[in-house]
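The figures that follow rest on heavy atoms only: side chains count, while hydrogens, waters and symmetry mates do not. Note that ligands are numbered from 1 as they come in the structure, with each ligand's atoms numbered from 1 the same way.
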Amino acid sequence: MHPRNPYRTPPDFCKLAEAYPALTPCIISYSGGFSIDFKNETSQRRLTEALLHRDFEISLNLPLNRLCPPVPNRLNYVLWIQDVIRTTEFLEHTPPVLGLDIGTGASAIYPLLSCRLDSAWSFIATDVDNFSLSCAQSNVEQNGLADRIQVFQTTPEAPIFAPLHQDPDLRADFTMCNPPFYSSREDVVASVDSKEFEPNAVCTGADVEMITEGGEASFVRRMVDESAKIGERCRWYTSMLGKMSSMTEIVGAIREHGIQNYGITEFVQGSTRRWAVVWSFSDFRLSDNVARITNPQLQTLMPPRNTLRQPIQVPAQNVGRLNDILSEVLAAVEGARVVDDNIFSRFIIYANKNTWSRAARRKNKHATPDTPSAEEILAPNLICSMRWIFSETGDAEGIETSLECQWMQGKDRSLFEGFASHISRKVSESVRMSLGREF
Ligand code: SAH
């Protein structure tokens, strides 16, 4: 589960029932304490209502013939999108954020949760199902969020990103989607038999919520194709995926389009696994903890690293001097602007071109230094951050020290990697030299 997800530890069901008495009849006792019957549909619904009521002040009307969204799982996806959005926090003023929720369902769960979590967010929430759309509209209204969540009716034949197609001036910060998973009724039945999904979700979902031609992979593939035409009018395109095999297909589609700026993540909740994918045509770069996962089965799908770490041996008594050493090395890079970001104990570096390699320095010796153009100052070719990371090793050495270089913005991967390796080398040399003077 996401580190900020409060449901990493299961709720105290008795306390929850005090806050939402309708849950009381669903509480069961067992040898280890109290819980609810997760296989019982009514209990699941009361639990979702209770958590939303107590923890998010959301009151939800869930029709019986539509999906009941489990809150911890939906929250995982929202928190990960928050991480994605925060990627650009340092680089831009925090603007109002507009998200597109594709297939919002009767609950409008994603927009409601997100708007409660973040007052700067607003949504356009689409669906093709009239019944779900009217429930979504009343859920939005009864929570007083009609000014921030626009419910948008579309059709299966229309482009998936219909609002962006209809209004060429519209810009969005992200799209999100929990797509219909299955390709047919038979596919649903096969999945129930293989216990791939919670039985409850399958029982209460209507066909329109669960089935789409070609299943989730072809739905999200359509998104990738459409996104190529919309490009940077939306900053981050994302979707959840319910099958691991769909990840292979979607990352394949992303790569076919030549999109190198993408990431994948995995949501684990008990025995249930879900995945999500993000891609972008912008030059903002995601950190590895947002865009890469450790699951060995998905290693071939992983995007290249944007977070590089170089272990550097430093005796414990010297760690206090490391920031000074890093700062001196960075100050010596010709043409780079360095900002000390005290709040996160890191330096932000803005550079336009390689001035640091041996070849570049040799060339520059004889040339008059270029003055960067106004455009280069406003939009430098490379923005990255550098900081020290200390991690416990568990052995006699105690602490391992590494220098971390995080790519934040830019199109040229080799410029970033070259810079990171140059600084790591210089810092290692400098650490060795300054220790040599003392010992
Ligand atoms: N977001 C909700 C519902 C997900 S179910 C949740 O996470 O609980 C998938 C939803 O997608 C259904 O409500 C279905 O009606 C909708 N849907 C199917 N095809 C669509 C399309 N082409 N455009 C928008 N929504 C669609």
| request: Answer with side chain, backbone, both or neither: which part of Ile160 has a heavy atom less than 4.0 angstrom from an atom of ligand 1? | output: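 Looking at Ile160 and ligand 1, no heavy atom falls under 4.0 Å.
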| query | Under 3.5 Å, side chain of Gln299 to main-chain N/O of Thr294, donor-acceptor pair present? | reply |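 Side chain of Gln299 to backbone of Thr294: a pair is present.
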| Pairs meeting criterion salt bridge (Lys or Arg N to Asp or Glu O under 4.0 Å) with involvement of residues 413-424, two or more places apart |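 Output for this query lists Arg413-Glu417.
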| message | Among Asp127, Asn130, Asp129, exactly one meets side-chain hydrogen bond (donor to acceptor under 3.5 Å, both in side chains) together with Gln153. Which residue is that? | response |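 That would be Asn130.
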Are side-chain N/O atoms of [X] and [Y] paired as donor and acceptor at under 3.5 Å?
{"X": "Ser385", "Y": "Gln406", "answer": "no"}
{"X": "Asn354", "Y": "His422", "answer": "no"}
{"X": "Arg285", "Y": "Thr87", "answer": "no"}

Interfacing atoms of ligand 1 (cut-off 4.0 Å, heavy-atom, [X]):
{"X": "Asp129", "result": "15 (O)"}
{"X": "Leu67", "result": "5 (S)"}
{"X": "Pro180", "result": "18 (C)"}

| Option of least heavy-atom distance to atom 1 (N) of ligand 1 (set: Gly103, Gly105, Ser107, Ala106) |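 Of the listed residues, Gly103 has the closest heavy atom.
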Protein residue, atom and distance nearest to [atom], heavy-atom basis:
{"atom": "atom 24 (C) of ligand 1", "result": "Thr126 OG1, 3.5 Å"}
{"atom": "atom 2 (C) of ligand 1", "result": "Thr104 O, 3.3 Å"}
{"atom": "atom 4 (C) of ligand 1", "result": "Asn178 O, 3.5 Å"}
{"atom": "atom 22 (N) of ligand 1", "result": "Phe219 CE1, 3.6 Å"}
{"atom": "atom 8 (O) of ligand 1", "result": "Arg74 NH2, 2.9 Å"}
{"atom": "atom 5 (S) of ligand 1", "result": "Glu209 O, 3.5 Å"}
{"atom": "atom 23 (N) of ligand 1", "result": "Val128 CG1, 3.6 Å"}
{"atom": "atom 15 (O) of ligand 1", "result": "Asp127 OD1, 2.6 Å"}

| Got a salt bridge between Glu18 and Arg54, using NZ or NE/NH1/NH2 to carboxylate O under 4.0 Å? |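 Salt bridge: no.
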| task | Answer yes or no on whether Arg337 is positioned over the face of Tyr350, meaning its NZ or CZ is under 6.0 Å from the six-membered ring centre and within 45° of the axis. | result |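 Pair Arg337/Tyr350 counts as cation-pi.
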| Sequence-distant partners of Phe174, ring pair (Phe, Tyr, Trp, His ring centres under 6.0 Å), two or more places apart |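 With sequence neighbours excluded, Phe174 shows a ring pair (Phe, Tyr, Trp, His ring centres under 6.0 Å) to Trp121, Phe123, given in chain and number order.
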